[in-house]
Amino acid sequence: MCKFYRYLSYRIYTRLQYKKDPCPVMTTALLFYILHLVQFTGLTCIFPFLLLPVMDVTTQYICVIAFFTLHVLIWNRKRVEKCVEEFKDELAEKKRKRTILILTYCFGSFIITTILFFNT
């Protein structure tokens, strides 16, 4: 997993722990799933052949469920706790810069996908 995603999972997980989320690992997986689903939607606006138009609705639902299951399997507690251990002693200046990068990435994904979706 690249450093950016490790850091992003660290920030989401620690924020959820701070807010006393009952299951922060599952919520982290759900947030990554939503973000990646939005990005995939943006890609399908640019490259419509990614939609695989020959698939029926049932197959599309199965693909969405499989995609979510994959996220749940990837974001397990041990992996997220390794990320927390890696970044727990970060400096305030780096944290501020990385926060700006994370917000740009997340909001940029939603904004670009929205623009692409409504312009197609």
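Being a predicted model, the structure only gives us computed values, none of them experimental.
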For [X], check side-chain contact (heavy atoms from CB on, under 4.5 Å) against everything at least two apart and list the hits.
X: Thr114; result: Phe118
X: Lys94; result: Arg98
X: Leu101; result: Phe4
X: Phe110; result: Ile34, Leu35, Val38

Nearest-0.5 Å distance, [atom1] of residue [X] to [atom2] of residue [Y]:
X: Leu31; Y: Ser9; atom1: CG; atom2: OG; result: 11.5 Å
X: Ile102; Y: Lys95; atom1: CD1; atom2: NZ; result: 10.0 Å
X: Cys106; Y: Gln39; atom1: SG; atom2: CD; result: 8.5 Å

Could you note down all residue pairs passing salt bridge (charged side-chain N to carboxylate O under 4.0 Å, His left out) where residues 13-40 supplies at least one of them, sequence neighbours left out? none
Check the angle between the aromatic planes of Tyr33 and Phe67 and answer parallel, tilted or perpendicular using the 30° and 60° thresholds. tilted
Name the orientation class of the two ring planes belonging to Phe32 and Tyr5 (parallel below 30°, tilted from 30 to 60°, perpendicular beyond 60°). tilted
Same cluster (ILVMFWY, side-chain, under 4.5 Å), Ile62 and Val64: no
In terms of heavy-atom contacts, Ile100 and Thr104 come closest through O-OG1, 2.7 Å
Where Leu16 and Pro24 come nearest, the two heavy atoms and their spacing: CD1-O, 3.6 Å
So Phe68 and Leu30, do their side chains get closer than 4.5 Å, heavy atoms only? yes
Test item: Glu81 and Tyr13 side chains (from C-beta on) under 4.5 Å apart, heavy atoms: yes
Is there a donor-acceptor contact under 3.5 Å linking the side chains of Tyr10 and Arg6? no
Stepwise, does the side chain to side chain contact (heavy atoms under 4.5 Å, CB included) test hold for Thr99 with Arg11? CA-CA 9 Å; Thr99 299; Arg11 290 297 300 271; 2.6 Å; yes
Residue set satisfying salt bridge (Lys or Arg N to Asp or Glu O under 4.0 Å) with Lys82, at least two apart, ordered chain then number -> none
